[in-house]
Amino acid sequence: MLNLKQLETFLWIARLGSFAAAADRLNSTQSAVSIRIQELEHALGVKLFDRSHRTVQLTPKGEDLAPRAEQLIEMAWDIQAVIGDPESISARIRIGVADLIALTWLGSLVSAVRDEYPGVKLEIDVGLAVELVDKLRKRELDLILTPADQMPSEFESWFLGNVDFLWMASPSMTMPSSKVTPGMLQDFPVITLSEQSFHHNTVNKWFRENGAKCDRIIMCNNISVLISLTHDGMGVGLVPAPCVAAQVKTKKLQVIDTDPKIDPVPFYALMPLDASAPMAEKIARIAVDVSDFKEGSSFAMTVSKSHSILDFSLVSAGTGPS
């Protein structure tokens, strides 16, 4: 007799290409996974996997089963969500999170998921956007919350809001007295995240598109270190405004009035289009609700005529552009 656990196991082997990877995803053992598939194949009287290749591949009968198994799993989740008590739902969801979200509203997300679905276990991986997208493609993560300027076609997306990134420096650094262009800023050490990061690419693109080149770069691996190095006067940094309102207000960081400015960075929740992961989708929708970014915090500016440094006060703004 077929059961949902067998079908779920079958789907994860099909997605990940190995019994070992499926066992890890299901928090089970490889032997338990093998037994479930043996039982499923015995119940159906057919072979579902071709094990003669380097990665496990579906047989024609396995190909036929996959969409039907997806439908059954989705229907079971729908029954649980509509009929059952949310507190009875048990699942393990792996979420990839950009470190800016980890520094701001991740705690609110975890708390909201725990309140609504206490049986759901969250495994959180904080990393750079390029790393998170790669892990999502490999099905090592179920959902990611990340910056993205272009939406890969294989992902379903939910907009989380825009974040203002502003050029900043320590008050100990003497900045030009006029509006600062990329050509002027290239003379200073520039602090960015690591070379493959969304942040690093944004910085390089800004200089390149405005006829300048950023050669004096200091790279680090997270936003907290970037802010700390900028605060300590090691260079100028492109800093997320929501993280440093207090430092700007107390004059521990100065905001540089650049021309042009950098466009706000959009953040999204992403999951594969072909994944049957109703709980990951529910968490994505909770993330939309709790995200601070969509509130649209921004800085009201008062520009001194004699200096390029702006006086800022944090104000509340409307919903950011989508």
Side-chain angles (χ1 to χ4, degrees), residues 98-104 128-129 147 161-195 197-210 212-267 292-293 296-317 320:
D99 59 350
L100 178 55
I101 293 174
L103 287 170
T104 50
L128 299 174
N162 290 316
V163 176
D164 289 327
F165 278 71
L166 305 173
W167 286 105
M168 298 192 185
S170 166
S172 64
M173 295 182 66
T174 303
M175 302 305 298
S177 58
S178 58
K179 275 188 178 288
V180 179
T181 65
M184 297 161 68
L185 205 62
Q186 72 181 355
D187 295 331
F188 295 86
V190 175
I191 305 165
T192 77
L193 297 182
S194 58
E195 197 167 11
S197 69
F198 186 93
H199 182 276
H200 186 92
N201 292 334
T202 298
V203 168
N204 274 336
K205 181 180 177 182
W206 184 75
F207 278 102
R208 185 177 63 252
E209 289 183 347
N210 292 285
K213 187 175 181 182
C214 181
D215 290 323
R216 301 171 64 191
I217 295 179
I218 302 169
M219 286 185 285
C220 59
N221 63 357
N222 65 61
I223 290 290
S224 294
V225 175
L226 186 152
I227 293 171
S228 178
L229 291 174
T230 305
H231 175 272
D232 292 343
M234 298 297 102
V236 296
L238 185 64
V239 177
C243 292
V244 293
Q247 291 97 314
V248 171
K249 186 175 182 180
T250 57
K251 309 296 185 183
K252 293 179 180 177
L253 279 173
Q254 57 182 353
V255 181
I256 304 167
D257 185 15
T258 59
D259 183 23
K261 302 189 186 305
I262 288 182
D263 292 335
V265 175
F267 279 70
D292 286 344
F293 300 161
S297 291
S298 65
F299 284 98
M301 307 181 189
T302 304
V303 184
S304 167
K305 293 182 180 179
S306 62
H307 207 272
S308 65
I309 305 305
L310 307 180
D311 292 326
F312 282 76
S313 58
L314 192 62
V315 299
S316 175

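- Every residue was checked against the ring-ring contact (aromatic ring centres under 6.0 Å, His included) condition with F165, not counting sequence neighbours, and none meets it.
- Taking D232 as the reference, nothing meets the side-chain hydrogen bond (donor to acceptor under 3.5 Å, both in side chains) condition, with sequence neighbours excluded.
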Tell me which donor-acceptor pairs under 3.5 Å the side chains of residues 218-230 have, and how far apart each pair is, sequence neighbours excluded?
residue: N222; atom: OD1; partner: S224; partner atom: N; Å: 3.0
residue: N222; atom: OD1; partner: V225; partner atom: N; Å: 2.9
residue: T230; atom: OG1; partner: L226; partner atom: O; Å: 2.8

Steps toward side-chain contact (heavy atoms from CB on, under 4.5 Å) verdict (F267, N162): CA-CA 6 Å; F267 279 70; N162 290 316; over 6 Å; no
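- Scored by the side chain to side chain contact (heavy atoms under 4.5 Å, CB included) test, A169 finds M173, M175, V236, Q254, I256 as partners (sequence neighbours excluded).
- Applying the side-chain hydrogen bond (donor to acceptor under 3.5 Å, both in side chains) criterion to T192, with sequence neighbours excluded, gives H200.
- T104 meets the side-chain hydrogen bond (donor to acceptor under 3.5 Å, both in side chains) test with no other residue; sequence neighbours excluded.
- Among pairs with a residue in residues 218-258, none fulfils ring-ring contact (aromatic ring centres under 6.0 Å, His included), at least two apart in sequence or across chains.
- Put simply, the side chain of Q247 never gets that close to the backbone of K252: no donor and acceptor are under 3.5 Å apart.
- Applying the side-chain hydrogen bond (donor to acceptor under 3.5 Å, both in side chains) criterion to S172, with sequence neighbours excluded, gives S170.
- In this structure, the side chains of F207 and V190 come closer than 4.5 Å at one or more pairs of heavy atoms.
- At least one side-chain heavy atom of F293 sits under 4.5 Å from a side-chain heavy atom of I101.
- Residues passing the side chain to side chain contact (heavy atoms under 4.5 Å, CB included) test with S194, sequence neighbours excluded: L128, S197.
- Closest non-hydrogen pair, K179 versus M184, comes out as O-SD, 3.6 Å.
- N210 meets the side chain to side chain contact (heavy atoms under 4.5 Å, CB included) test with P182, W206, P260; sequence neighbours excluded.
- Residues forming a side chain to side chain contact (heavy atoms under 4.5 Å, CB included) with R216 (at least two apart in sequence, or on another chain): P189.
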Determine, stepwise, if the pair W167 / L185 fulfils side-chain contact (heavy atoms from CB on, under 4.5 Å). CA-CA 10 Å; W167 286 105; L185 205 62; 3.5 Å; yes
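- Sparse packing is recorded around CG of D263, with 12 or fewer heavy atoms of other residues, nucleotides or ligands lying under 6.0 Å away.
- A heavy-atom distance below 4.5 Å is not found between the side chains of T258 and T181.
- The two residues L238 and H199 come nearest to each other via the heavy atoms O-NE2, 2.8 Å.
- Among the candidates P266, P147, P240, the single residue satisfying the side chain to side chain contact (heavy atoms under 4.5 Å, CB included) test with V163 is P240.
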